[in-house]
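Data block below; observations after.
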Amino acid sequence: MKWVNHIAIAGATTAVIAPQLVPIAILGSTAPDWLEWIYKATGNSIRHRGVTHYVSSWVIGLLFCVFLFDFHNIGAAFFYGGLTHVIADSFTVMGVPLSPLSDTRFHLFGGRLRTGESGEYLIAWGVVLACFFVGSYFNAFTGWYPFFYDWAGLYDAGLIDASEWKANRFRFI
Ligand SMILES: [Zn+2]
């Protein structure tokens, strides 16, 4: 799957829950591919969608960060991003490996997608749209709009003072 779609999926879903972690999730969402480059750059040979695409390692990493140790949820966001990457890749014909223990490839929805074809864009932008609606729904009921901190609105509501608003008005995520 193309990076633009990996980034869209991880970025949009993270924005709903924790907008400040979006950059980390995006870094994680491309990691299974750039980790392959690092392997190669250090003179190792690696199969595309091999070791860096084990579904199990990203799940274990995420669980570790959520339950055992993390620093400001940065680890969790990174592994979450990586997990969205391998899951999205599992929609493709090639699939992804589950773990080092077996050679079976993991496919979701029949693994019919071909990288670069319209199907992957449909999935990615479908996710973005769904997140946008979930975000708007939150906003309607709680006044909390996850994609953009509503600093001006908070100022009007008297919740923050002017200096806080000044410091944050250009911060969108
Ligand atoms: Zn990949």
Side-chain angles (χ1 to χ4, degrees), residues 1-135 146-148 172-173:
M1 191 175 267
K2 300 208 159 182
W3 276 27
V4 55
N5 294 322
H6 283 305
I7 288 170
I9 293 171
T13 50
T14 307
V16 173
I17 298 161
Q20 71 278 18
L21 291 173
V22 167
I24 311 289
I26 286 176
L27 193 69
S29 79
T30 48
D33 291 339
W34 56 254
L35 284 172
E36 282 179 358
W37 304 344
I38 293 179
Y39 258 77
K40 275 196 203 127
T42 51
N44 297 297
S45 67
I46 184 172
R47 200 158 69 111
H48 181 48
R49 292 193 190 146
V51 275
T52 61
H53 283 64
Y54 287 137
V55 179
S56 55
S57 14
W58 294 99
V59 172
I60 291 167
L62 179 61
L63 292 178
F64 180 88
C65 292
V66 169
F67 294 108
L68 294 173
F69 174 80
D70 203 355
F71 180 73
H72 294 297
N73 297 320
I74 287 172
F78 181 80
F79 283 106
Y80 167 75
L83 185 61
T84 64
H85 180 117
V86 293
I87 286 178
D89 275 357
S90 78
F91 294 153
T92 64
V93 178
M94 196 180 185
V96 287
L98 264 183
S99 79
L101 305 175
S102 88
D103 276 338
T104 4
R105 312 279 296 180
F106 174 66
H107 290 99
L108 275 180
F109 299 112
R112 252 171 245 154
L113 235 61
R114 273 167 215 284
T115 299
E117 283 183 1
S118 55
E120 68 170 272
Y121 290 92
L122 278 176
I123 290 177
W125 298 103
V127 169
V128 171
L129 212 64
C131 289
F132 185 77
F133 281 118
V134 171
F147 282 91
F148 305 98
F172 292 114
I173 50 168

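All ligand and atom numbering here is 1-based and tracks the order in the structure.
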Exercise for the section: Specify whether an N/O/S atom of His85 falls short of 2.8 Å from the Zn ion (ligand 1). Expected result: yes
Exercise for the section: Give a yes or no on whether Glu36 keeps an N, O or S atom under 2.8 Å from the Zn ion (ligand 1). Expected result: no
Problem - OH/Tyr39: more than 12 non-hydrogen atoms of other groups inside 6.0 Å - result: no
Exercise for the section: Compute the angle centred on the Zn ion (ligand 1) spanning NE2 of His53 and OD1 of Asp33, and express it rounded to 10 degrees. Expected result: 80°
Practice task
Report, as yes or no, whether the 6.0 Å neighbourhood of atom CH2 on Trp125 holds more than 12 heavy atoms from other residues, nucleotides or ligands.
Solution key: no
Practice task
For His53 and His48, test the side chains for any donor-to-acceptor distance below 3.5 angstrom and give the result as yes or no.
Solution key: no
Practice task
Side-chain contact test, heavy atoms from C-beta onward, threshold under 4.5 Å: evaluate it for Met94 versus Asp89 and give yes or no.
Solution key: no
Problem - His6 near the Zn ion (ligand 1): N/O/S under 2.8 Å - result: no
Problem - Side-chain heavy-atom pair Leu27, Phe78 within 4.5 angstrom cut-off - result: yes
Exercise for the section: Return the name of the atom in Asp89, of element N, O or S, nearest to the Zn ion (ligand 1). Expected result: OD2
